[in-house]
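This structure is a prediction, so every number in the text was calculated from the model and none was measured. So that the names make sense, note that chain A is the first sequence line, chain B the second, and so on, each numbered from 1.
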Protein chains: 2
Amino acid sequence: MSTATLSQLNLPLYERIRIDIQARLVEQGWDPDLPIPTEQMLAQEYQVSIGTIRKAIDRLVQEGMLYKAQGRGTFIKQPDFKNSLLRFFRFRNHEGKQAVPTGMVKSIRKVPPTPAINKHLQIDEGMALIELQRLRIVENKVVLSEQIWLPERLFSDLLRFEPLEFGNLLYPFYYQHCGQFISTAKETLSFTSEVEDSDLNARKGDMLIKIERLAYNLENRPVEYRISLGRPENFKYEVKIS
Amino acid sequence: MSTATLSQLNLPLYERIRIDIQARLVEQGWDPDLPIPTEQMLAQEYQVSIGTIRKAIDRLVQEGMLYKAQGRGTFIKQPDFKNSLLRFFRFRNHEGKQAVPTGMVKSIRKVPPTPAINKHLQIDEGMALIELQRLRIVENKVVLSEQIWLPERLFSDLLRFEPLEFGNLLYPFYYQHCGQFISTAKETLSFTSEVEDSDLNARKGDMLIKIERLAYNLENRPVEYRISLGRPENFKYEVKIS
DNA sequence: TAGTGGTCTAGACCACGCT
DNA sequence: GCGTGGTCTAGACCACTAA
């Protein structure tokens, strides 16, 4: 543990421990399939009672970084995209049943830096990018059209693959080939009538839903910026207020 | 405490106590300005240790029913509408600064039952309703147009007021005059191009955002159904995924 | 059967708010 | 100064998972 982190701040003990555990897991790049040290071990290591460790870990669980499995241990959690705004597009197939769209990469290439995107990704103006075009399809019909940008420095290994070699899901692919584990994301919903999109058959003037996503790795650094476009007809989003 | 509630179920002690506390506060209609019994008192009353009471209450805090204030006590919480979808309409005044719209009731009247709305409110088909028309205004310009329905049985006292006597906020007014405390709400965002709205200058075919809200009282019964319409241009909504 | 997290106890002292 | 919630201890026993 880093003594500096644990001493100086005027925070409750469990908060300081929470921060320290978080930093350790991030720096060591903990394997998501391996349990982190047990509560007993951590209690002994930090020389505090087990209740204090539990409170620290409970915070990380609430934050979404860890999850607990009784009898097995505590693990690093992959983000749960069931809350994604994209999940609130409801598509139906020809039988009228609900259908989950399939992701398909259309193209991948290295592109020069773009000021606005480099700023989103918090990287230097001069750093090159990787750009992916991706479609989400239901029964051969394009229902969402996506553009994805990644820092070339971290993701250059992706350039070795052909578009069709990317599976339905990108994030496991990122982790497998570039060691980048997506931990959280921020999404923004807005509207635009100023883009043309041949995949969606949308002309200028047609109102489209635009969902921007900025995805963060375990170190809390933005590593993917994504724009998804779709038609508003089937969109329905719910929130609970309390 | 109701012994039935606390015994039969095969739940952790703190869960059974949580349920019992919740039921007690709802049934007694606890004053939001008065603290609930202290943790010490509850621990003694339920004959459990204080940690168990804390866990029960922490659940209710997480759920949004209570909030704690160190040194003062624990209180019933009013819902926090900073998460409302409506807050994600961004309006600007003539100086380009962000402006919060003012609410203004345009009309209030008793109306006969409407099957769809009575169903939302979970009341009998034959029960009469109160209907409010309400506008949200920024610098004399209507930016949102609302229709609100309430069960006449619970809210008949509102009919004694003229539209302009309703203030900017409705929920405190409900509590003051009808004893109905709004505790949570559920909102749904969708789109429509099939309505005409003279207040918003919208014709059929214009795409509008439609936000439906169902608001619940402390007993978790729906008591208000509301439809808000607005133009999509200034709408921007964010979520965090983890 | 061994080891994990889940629940629960019966206290202690601290920090904060009100009066 | 008094009473509130906030933090923390040092255990105990239970329920679940995996080998």
Asker: Could you tell me whether Glu63(B) and Lys240(A) make a salt bridge, using a distance below 4.0 angstrom between a side-chain N and a carboxylate O?
Answerer: no
Asker: Under 4.0 Å between a Lys/Arg side-chain N and an Asp/Glu carboxylate O for Glu45(A) and Arg24(A)?
Answerer: yes
Asker: Roughly, in whole Å, what's the span from CD in Gln40(B) to P in dG5(D)?
Answerer: 9 Å
Asker: Name the residue closer to the 5' end of DNA chain D, choosing between Tyr14(A) and Gly71(A) according to the nucleotide with the nearest heavy atom.
Answerer: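 The residue mapped nearer the 5' terminus is Tyr14(A).
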Asker: With a strict under 4.0 Å distance from non-hydrogen atoms of chain B, what nucleotide opens and what nucleotide closes the contacted stretch of DNA chain C, reading 5' to 3'?
Answerer: dT7(C) to dC18(C)
Asker: Closest nucleotide of DNA chain D for Pro12(A) versus for Ile50(A): which of these residues is on the 5' side?
Answerer: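 In this pair, the answer is Pro12(A).
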Asker: Send over the distance from Lys55(A) NZ to dG5(D) P, rounded to a whole Å.
Answerer: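 Taking atom P of dG5(D) as the reference, NZ of Lys55(A) is at 14 Å.
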Asker: What donor-acceptor contacts under 3.5 angstrom involve side-chain atoms of residues 156-168 of chain B, with partners at least two apart or in another chain?
Answerer:
residue   : atom : partner   : partner atom : Å
Glu165(B) : OE2  : Glu162(B) : N            : 2.8
Asn168(B) : OD1  : Gly103(B) : N            : 2.6

Asker: Just how far, in rounded Å, is P of dT17(D) from CZ of Arg72(A)?
Answerer: 9 Å
Asker: Measure from CD1 on Ile53(B) to C1' on dT4(D) and round the result to the nearest Å.
Answerer: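 My rounded result for the distance is 15 Å.
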Asker: Decide, yes or no, whether a salt bridge links Glu187(B) with Arg226(B) under the criterion of side-chain N to carboxylate O below 4.0 Å.
Answerer: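 Not counted as a salt bridge, because no side-chain N and carboxylate O are separated by less than 4.0 Å.
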Asker: If I compare all heavy atoms of Leu150(B) with all of Glu224(B), which pair ends up nearest, and what's the gap?
Answerer: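 Heavy atoms of Leu150(B) and Glu224(B) come nearest at CD2-CG, 3.6 Å.
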Asker: Rounded off to whole Å, could you give me the CZ-to-C1' distance for the Arg54(B) and dG5(D) pair?
Answerer: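 Interatomic distance, CZ of Arg54(B) to C1' of dG5(D): 6 Å.
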Asker: Checking side chain to side chain contact (heavy atoms under 4.5 Å, CB included) against Ile76(A), which of Asp31(A), Leu66(A), Leu34(A), Leu60(A) comes through?
Answerer: Leu66(A)
